[in-house]
Amino acid sequence: GIMEIASKTKIINYLSKILKPIIKKLFSNLNEKSYNNIIMNIIANILGLGNAATPLGLKAMQELQKENDEKQELSDNMMMLIVLNTASLQIIPTTIIAIRSSLGSTNPTKIIFPVWISTICAAIVGIIFTKIIIKCTKK
């Protein structure tokens with residue numbers, strides 16, 4: 001629903017262009033279908049659409065598994081996707097705002113700045129450690 005509206009308003013294209021260089025640095029040798037699934041998953045997370053992000057993440061993971069030569073092990077790209085999904089960078093943490101609002105918070109959006117800090121820190125630390133693990137396993 002919301003992702004369809006976003007795609008019709010060109011938000012998806014705009015965010016995709018912004019994120020493309022970052023995605024290319026974080027993931028290696030992606031085919032077009034994997035790239036599109038990953039970018040949609042990350043955009044859904046950024047927009048705070050956790051329920052929409054889950055099926056998109058599963059599609060991305062299935063596509064990455066098709067490219068994976070060692071089916072019993074995670075590929076480097078699969079590890080990175082898991083880390084980014086776990087960190088769940090969000091501009092608008094809609095779920096948390098909705099919960100705070102439903103519980104009678106006088107300022108449900110006050111959580112936005114701490115969410116930005118925590119998710120950015122989690123993503124940076126996760127990316128660094130994932131890259132270290134990838135390099136260590138290549139030796």
Side-chain angles (χ1 to χ4, degrees):
I2 293 176
M3 290 301 284
E4 283 294 318
I5 293 168
S7 66
K8 289 184 180 163
T9 61
K10 308 291 187 229
I11 292 171
I12 300 298
N13 291 340
Y14 178 72
L15 289 172
S16 181
K17 285 178 186 175
I18 291 171
L19 293 171
K20 187 172 187 169
I22 298 167
I23 299 301
K24 295 288 184 183
K25 288 267 189 208
L26 296 177
F27 297 90
S28 60
N29 302 322
L30 289 176
N31 69 34
E32 190 66 26
K33 194 169 183 182
S34 292
Y35 171 78
N36 289 334
N37 287 327
I38 289 170
I39 201 75
M40 291 299 286
N41 172 257
I42 291 172
I43 289 171
N45 273 324
I46 287 172
L47 296 176
L49 306 172
N51 289 338
T54 300
L56 294 168
L58 291 172
K59 281 183 185 177
M61 195 61 81
Q62 288 171 342
E63 192 62 34
L64 291 172
Q65 180 66 354
K66 289 178 189 174
E67 299 172 17
N68 188 7
D69 294 330
E70 297 292 329
K71 301 296 184 196
Q72 298 300 317
E73 296 179 14
L74 292 175
S75 69
D76 298 346
N77 287 336
M78 293 168 87
M79 284 190 285
M80 187 60 71
L81 182 60
I82 290 168
V83 166
L84 290 176
N85 270 287
T86 303
S88 186
L89 287 169
Q90 294 184 15
I91 294 173
I92 308 164
T94 54
T95 304
I96 295 172
I97 292 170
I99 291 170
R100 288 175 51 88
S101 182
S102 72
L103 294 174
S105 173
T106 57
N107 191 356
T109 59
K110 193 174 184 176
I111 194 76
I112 290 175
F113 191 66
V115 166
W116 290 350
I117 293 169
S118 63
T119 60
I120 289 169
C121 289
I124 290 169
V125 169
I127 289 166
I128 290 169
F129 278 101
T130 303
K131 288 291 189 178
I132 290 169
I133 290 169
I134 289 168
K135 281 188 178 186
C136 289
T137 58
K138 295 293 180 198
K139 292 182 180 185

Shortest non-hydrogen contact from [X] toward [Y]:
| X | Y | answer |
| --- | --- | --- |
| Asn45 | Ala53 | OD1-CB, 3.4 Å |
| Leu74 | Asn68 | C-ND2, 4.2 Å |
| Lys25 | Lys131 | O-NZ, 3.2 Å |
| Gln90 | Pro93 | OE1-CA, 2.9 Å |

Asn107 and Thr109: CA distance, side-chain angles, deciding distance, side chain to side chain donor-acceptor pair (under 3.5 Å) verdict: CA-CA 6 Å; Asn107 191 356; Thr109 59; 3.1 Å; yes
Check: [X] side chain, [Y] main-chain N or O, donor-acceptor pair, under 3.5 Å:
| X | Y | result |
| --- | --- | --- |
| Ser101 | Ile97 | no |
| Asn77 | Ser28 | yes |
| Asn41 | Asn37 | no |

Report the distance from atom [atom1] of [X] to atom [atom2] of [Y], rounding to the nearest 0.5 Å.
| X | Y | atom1 | atom2 | result |
| --- | --- | --- | --- | --- |
| Asn13 | Lys17 | CG | NZ | 6.5 Å |
| Glu32 | Glu63 | CD | CD | 11.0 Å |
| Ile96 | Ile111 | CD1 | CD1 | 6.0 Å |
| Met61 | Ile38 | CE | CD1 | 8.5 Å |
| Leu64 | Lys59 | CG | NZ | 14.0 Å |
| Ile127 | Leu26 | CD1 | CG | 4.5 Å |

Side-chain heavy atoms under 4.5 Å apart, restricted to Ile/Leu/Val/Met/Phe/Trp/Tyr: what other residues fall into the cluster of Leu58, or is it alone? none
Run the side chain to side chain contact (heavy atoms under 4.5 Å, CB included) test against Ile124 and tell me which residues pass, sequence neighbours left out. Ile120, Ile128
Considering only heavy atoms from C-beta outward, does the side chain of [X] approach that of [Y] to under 4.5 Å?
| X | Y | result |
| --- | --- | --- |
| Ser16 | Tyr35 | yes |
| Phe129 | Val83 | no |
| Leu89 | Ile42 | no |

Pairwise salt bridge (charged side-chain N to carboxylate O under 4.0 Å, His left out) hits with a residue in residues 68-84, at least two apart: Asp76-Lys138
Please tell me whether Ile91 and Ile23 are part of a single hydrophobic cluster in this structure, the criterion being side-chain heavy atoms less than 4.5 Å apart. yes
Quick check on the hydrophobic clustering: are Ile22 and Ile43 connected, directly or via other members, by side-chain heavy-atom contacts under 4.5 Å? yes
Does either side chain, that of Ser34 or that of Glu67, offer a donor lying less than 3.5 Å from an acceptor on the other one? yes
Name the one of Leu19, Ile18, Thr119 that satisfies side-chain contact (heavy atoms from CB on, under 4.5 Å) with Ile46? Leu19
